[in-house]
There are 2 protein chains.
Amino acid sequence: MPELQNETEQQIIEAATDVFLEKGKSGARMQEIADRAGINKALLHYYFRSKILLYQRVFASQAKILFSGMLEAMVVGQDLRSGLYGFVDRYMDIVAGNPRLISFIMWEIREGGEEMSRILKEKFQEMGFQSVPLLEVLRTGKTTSGNPIPNPEQFFLSLMGMCIYPFIARPLLTRVVPELRPEDPDFLTARKQHIMAFIDTYLDR
Amino acid sequence: MPELQNETEQQIIEAATDVFLEKGKSGARMQEIADRAGINKALLHYYFRSKILLYQRVFASQAKILFSGMLEAMVVGQDLRSGLYGFVDRYMDIVAGNPRLISFIMWEIREGGEEMSRILKEKFQEMGFQSVPLLEVLRTGKTTSGNPIPNPEQFFLSLMGMCIYPFIARPLLTRVVPELRPEDPDFLTARKQHIMAFIDTYLDR
DNA sequence: GTCTATACGGGGATAGAC
DNA sequence: GTCTATCCCCGTATAGAC
């Protein structure tokens, strides 16, 4: 599966990834990809046949990397609270470390996300999941008082949204609310703590 | 300012809005816009000179509509709790009613959002705001126990993210978690209630 | 204002030499 | 494998008739 690539192929993939993530599928130019890879257009086609094939290759690769990380982050241990803490910690590291990729995937989702769903299903099987592991844990978990967690699906959506929002809205946020600096490491720490506090209030009832 | 448009111009704008929101700036085709407007390409250029100008017109118009709604939703009255309730109610109606536009704006934000920031600043002045009104209220507001609201910026981010996330992630969500149906009116109600409950736990401390 | 016809350039893709 | 040169379509834009 990894089919180890030669130097040139690797450089093409890297350049293509950069350009596609920046400009989008239709905004990307083969010329620019070639330039950044330090080769010419003909060689691009020699390696990847067409723009759409190159795009699919890049997209699948990026989506797999992202989903692997996210799904792994969603695997939590026996203790619910610390498990959720761990999820937030790992998940936000991924999001904060790949803001361009996140926004790109969000745009792709908008187009229906069939290809993405396919890749995701694949990852599910690969990892042996029947459904979203984090959500499963929330559905069977108990609050501090021993009751089932209320509205686990809603809680799940809230967690995801809280983690992701500052990073997809960042360029606008920093202009409207200059005090917020999502690119600052301190911000990431503060954000995690805030979300963990939210988890506490949700579990302690 | 509204400079009332004639029939044809209006149809062009509508068609262009649809196409740009669906395909993005570079993915959109003048031919498709012309077709949907029931005219030919030459007439497009007669009215709007170039694709980029047409795009800017559409973008500015949509951004203004969206920002007006959002900023209005962020104006809350004297009572903090009911004010926040009202914000969630109005804001989520906007988001749920314009998912394509939301995703589109998110993509534009990714590109730096300079033009958007310009438009937003304009709206701020127009409405007489110094800063985000909702955030201002959170900064000066008190919890039930009379203390300042902790981390108002973080709380603000959480609110925004909770409201928006289900609708930008929808196509993927519905495949991974089929029980979630963001397009269902019942979902919208449930989501609002959940977020309002979150507001309660945050204020009642 | 609205059309047909066409110019022009950009960008994906290929041929063919090395 | 890598290059140069070239093809050719598609998409933007314009000319000019009505």
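In what follows, chains carry the letters A, B, and so on, assigned in the order in which the sequence lines appear, proteins first and then strands, with residues in each chain numbered from 1. When reading the values below, keep in mind they use all heavy atoms of this one structure, side chains included, and skip hydrogens, waters and symmetry mates.
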**OP:** Nearest 0.5 Å please: distance from the CZ atom of F48(A) over to the CE atom of M30(A).
**Re:** 9.5 Å
Original post:
Quick one: do R139(B) and E153(B) make a salt bridge, cutoff under 4.0 Å?
Top reply: yes
Subject >> Interface with DNA chain D, restricted to residues 32-39 of chain B and to heavy atoms under 4.0 Å >> reply: none
**OP:** Anything under 4.0 Å to a heavy atom of chain B counts; send over the first and last such nucleotide of DNA chain C, read 5' to 3'.
**Re:** dG1(C) to dT4(C)
**OP:** Figure out the NZ/C1' separation between K51(B) and dG11(D), and round it to whole Å.
**Re:** 8 Å
Subject >> Spacing of R29(B) atom CZ relative to dA13(D) atom C1', expressed in whole Å >> reply: 14 Å
Original post:
What's the verdict on salt bridge (Lys or Arg N to Asp or Glu O under 4.0 Å) for R29(B) and D35(B), showing C-alpha distance, side-chain angles and the deciding distance?
Top reply: CA-CA 10 Å; R29(B) 294 290 163 253; D35(B) 290 345; over 6 Å; no
Original post:
Which is true for Y46(B) with a 4.0 Å heavy-atom rule: it touches a base, it touches only sugar-phosphate, or it touches nothing?
Top reply: base
Original post:
Would you find more than 12 non-hydrogen atoms of other residues, nucleotides or ligands less than 6.0 Å from E179(A) atom CD?
Top reply: yes
Subject >> Rounded distance (Å) that lies between atom P of dT6(D) and atom CG of N40(A) >> reply: 15 Å
Original post:
Is the closest basic N to carboxylate O distance between R191(A) and D184(A) below 4.0 Å?
Top reply: no
Original post:
Looking at E114(B) and R118(B), does any basic side-chain N land under 4.0 Å from a carboxylate oxygen?
Top reply: no
Subject >> F67(A)/F124(A) aromatic ring centres below 6.0 Å >> reply: no
Subject >> Atom-pair distance (CG on L54(B); P on dG11(D)), nearest Å >> reply: 16 Å
Subject >> H45(B) side-chain N/O to dT14(D) phosphate OP1/OP2 under 4.0 Å >> reply: no
Subject >> Nucleotide dT6(D), atom C1' - distance to NZ of K41(A) in whole Å >> reply: 10 Å
Original post:
Counting only heavy atoms not in R100(B), do more than 12 fall under 6.0 Å of its CZ?
Top reply: yes
